[in-house]
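Below is one structure, written out as structure tokens, with a few remarks after it.
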Amino acid sequence: MKNYKLILQYDGTRYSGWQKQGNTDNTIQFKLETIAEKLTGIPTDVNGSGRTDAGVHALGQVANFHCDESCLRFLQPHSPSAHIAKSVFPSCSAAMTDTEYILRYFNNALPMDIRVLQVDQMPARFHSRLNAKEKHYRYVIDNQTVPNVFERRYAARIPAEHENRIDYDIAEMNRAAAYLIGTHDFKSFCDNRHMKKSTVRTIRDILIENNNNRITLDFYGNGFLYHMVRILTGTLLEVGSGKKVSSDIPRILQALDRREAGFTAPATGLFLVEVTY
């Protein structure tokens with residue numbers, strides 16, 4: 001049994017998030033598992049490093065699936081099934097490696113707003129979620145006087161009204177972010193009120209920059225709770241706009257109460273940038 005790791009990019013605009021759901025087939029995981037089943041000939045689970053929400057994008061999502069070597073018999077140069085690879089990809093040798101074939105197979109079948117960037121064979125016990133050490137998320141805000149037409153799917157407009165913009169105090173936002181770095185109970189920044197598992201997480205760093213009114217917030221941590229990055233972003237934006245002050249953050253953390261934190265920023269501006277192992 002072989003274990004394959006996929007590195008993916010996707011535009012999450014028209015999808016209902018990563019995780020497959022009983023009431024829709026419009027998820028990233030469902031699309032991948034449908035193709036994996038055609039590849040392997042049997043129902044195949046595709047595990048993701050994390051569950052991105054509806055509308056959230058990914059530059060470097062990681063997934064993995066297991067596949068019996070016999071399912072890839074058509075890759076053997078002298079196999080009676082070797083002609084399959086040639087018929088699917090006429091320009092390629094039937095003796096291509098399994099990772100090359102899987103990469104091409106997925107991208108040939110996926111919609112153009114989902115791409116597999118890389119396929120690697122991994123040890124049998126590798127799991128894209130359980131073995132992840134750190135995740136990097138980026139939130140992007142278009143704060144120009146006139147919003148960029150071509151960024152509207154990939155940068156949030158906060159507030160949403162096009163005629164308004166806020167001069168955010170980036171220095172004060174960075175002071176607030178400093179209180180969030182480290183290991184804390186982030187229950188105040190979780191939208192799952194019935195969370196039974198631990199809400200303790202470690203944030204290694206938060207970087208906030210304003211480049212020509214394009215504001216980016218980069219979060220690096222060992223894991224993030226439901227809507228956590230979007231709530232952190234909303235809270236930091238409330239600090240930057242004067243609704244809160246940086247010294248409010250310790251109180252919000254200690255409250256362990258979602259009502260004390262800021263608003264949940266829209267999904268539009270959020271990207272899963274990278275997962276490290």
Quick check: does any side chain N or O of [X] sit under 3.5 Å from a backbone N or O of [Y], one acting as donor and the other as acceptor?
X: S241; Y: V239; value: no
X: R115; Y: P111; value: yes
X: H57; Y: Y154; value: no
X: K135; Y: S49; value: yes
X: D248; Y: V245; value: yes
X: R258; Y: G262; value: yes
X: Q61; Y: R51; value: no

Problem - Y15 vs T27, side chain to side chain contact (heavy atoms under 4.5 Å, CB included): CA-CA, chis, key distance, verdict - result: CA-CA 5 Å; Y15 295 102; T27 68; over 6 Å; no
Joint cluster assignment, [X] & [Y], ILVMFWY side-chain distance < 4.5 Å:
X: V62; Y: W18; answer: no
X: M228; Y: Y226; answer: no
X: Y179; Y: L232; answer: yes
X: Y168; Y: V140; answer: no
X: I158; Y: V56; answer: yes

Find out whether [X] and [Y] are in side-chain contact, i.e. whether some heavy atom of one side chain is under 4.5 Å from a heavy atom of the other.
X: R230; Y: T233; result: no
X: T235; Y: F263; result: no
X: L225; Y: N192; result: no
X: I166; Y: P159; result: yes
X: K20; Y: D45; result: yes
X: N64; Y: N3; result: yes
X: N222; Y: K133; result: no
X: V119; Y: D98; result: no

Could you tell me which non-hydrogen atom of [X] sits nearest to which non-hydrogen atom of [Y], and how far apart they are?
X: Q9; Y: L117; value: CG-CD1, 3.4 Å
X: Q121; Y: T99; value: N-CG2, 4.0 Å
X: I7; Y: G60; value: CG2-CA, 4.3 Å
X: M173; Y: G240; value: CG-CA, 3.4 Å
X: A109; Y: I35; value: CB-CD1, 3.7 Å

Quick one: pull up [atom1] in [X] and [atom2] in [Y] and give me the separation to the nearest 0.5 Å.
X: I203; Y: T183; atom1: CD1; atom2: OG1; result: 9.5 Å
X: S198; Y: R201; atom1: OG; atom2: CZ; result: 6.0 Å
X: L236; Y: I206; atom1: CG; atom2: CD1; result: 6.0 Å
X: K5; Y: N131; atom1: NZ; atom2: CG; result: 10.5 Å
X: Y101; Y: L39; atom1: OH; atom2: CG; result: 7.0 Å
X: K244; Y: E238; atom1: NZ; atom2: CD; result: 3.5 Å

Is there a donor in the side chain of [X] and an acceptor in the side chain of [Y], or the other way round, less than 3.5 Å apart?
X: S246; Y: E172; value: yes
X: D120; Y: Q118; value: yes
X: Y10; Y: T52; value: yes

Practice task
Just jot down the side-chain contact (heavy atoms from CB on, under 4.5 Å) partners of K187, sequence neighbours excluded, or say none.
Solution key: D185, T199, L256
Fill in the blank from the handout: The residue among R153, K31, R14 that forms salt bridge (charged side-chain N to carboxylate O under 4.0 Å, His left out) with D113 is R14
Problem - Steps toward side chain to side chain donor-acceptor pair (under 3.5 Å) verdict (N26, T24) - result: CA-CA 5 Å; N26 190 39; T24 179; 5.1 Å; no
Exercise for the section: Evaluate the side chain to side chain contact (heavy atoms under 4.5 Å, CB included) criterion for residues T44 and L32: first the C-alpha distance (whole Å), next the side-chain angles of each, then the deciding distance (0.1 Å), finally the verdict. Expected result: CA-CA 9 Å; T44 301; L32 293 170; over 6 Å; no
Handout entry: Residue from F219, Y220, F224 passing ring pair (Phe, Tyr, Trp, His ring centres under 6.0 Å) with Y137
Key = F224
Practice task
Fit a plane to each ring of F186 and H184, take the angle between them on a 0 to 90° scale, and name the class: parallel (under 30°), tilted (30 to 60°) or perpendicular (over 60°).
Solution key: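 F186 and H184: perpendicular rings.
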Practice task
From the options I231, T264, V229, select the one residue that forms a side-chain contact (heavy atoms from CB on, under 4.5 Å) with F189.
Solution key: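 Only one option passes, and that is I231.
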Problem - Residue of the set N108, L110, L103 for which side-chain contact (heavy atoms from CB on, under 4.5 Å) holds with F106 - result: L110
Exercise for the section: Report, as yes or no, whether the 6.0 Å neighbourhood of atom CE on M1 holds more than 12 heavy atoms from other residues, nucleotides or ligands. Expected result: yes
Problem - Pair C190-H227, side chain to side chain contact (heavy atoms under 4.5 Å, CB included): steps then yes or no - result: CA-CA 6 Å; C190 177; H227 287 171; over 6 Å; no
Which donor-acceptor pairs under 3.5 Å do the side chains of residues 265-277 make with protein atoms, sequence neighbours left out?
residue: T276; atom: OG1; partner: E134; partner atom: O; Å: 3.3
residue: Y277; atom: OH; partner: S128; partner atom: O; Å: 2.6

May I have the list of side-chain donor-acceptor pairs in residues 210-217 shorter than 3.5 Å, sequence neighbours left out?
residue: N210; atom: OD1; partner: N213; partner atom: N; Å: 3.0
residue: N213; atom: OD1; partner: R165; partner atom: NH2; Å: 2.8

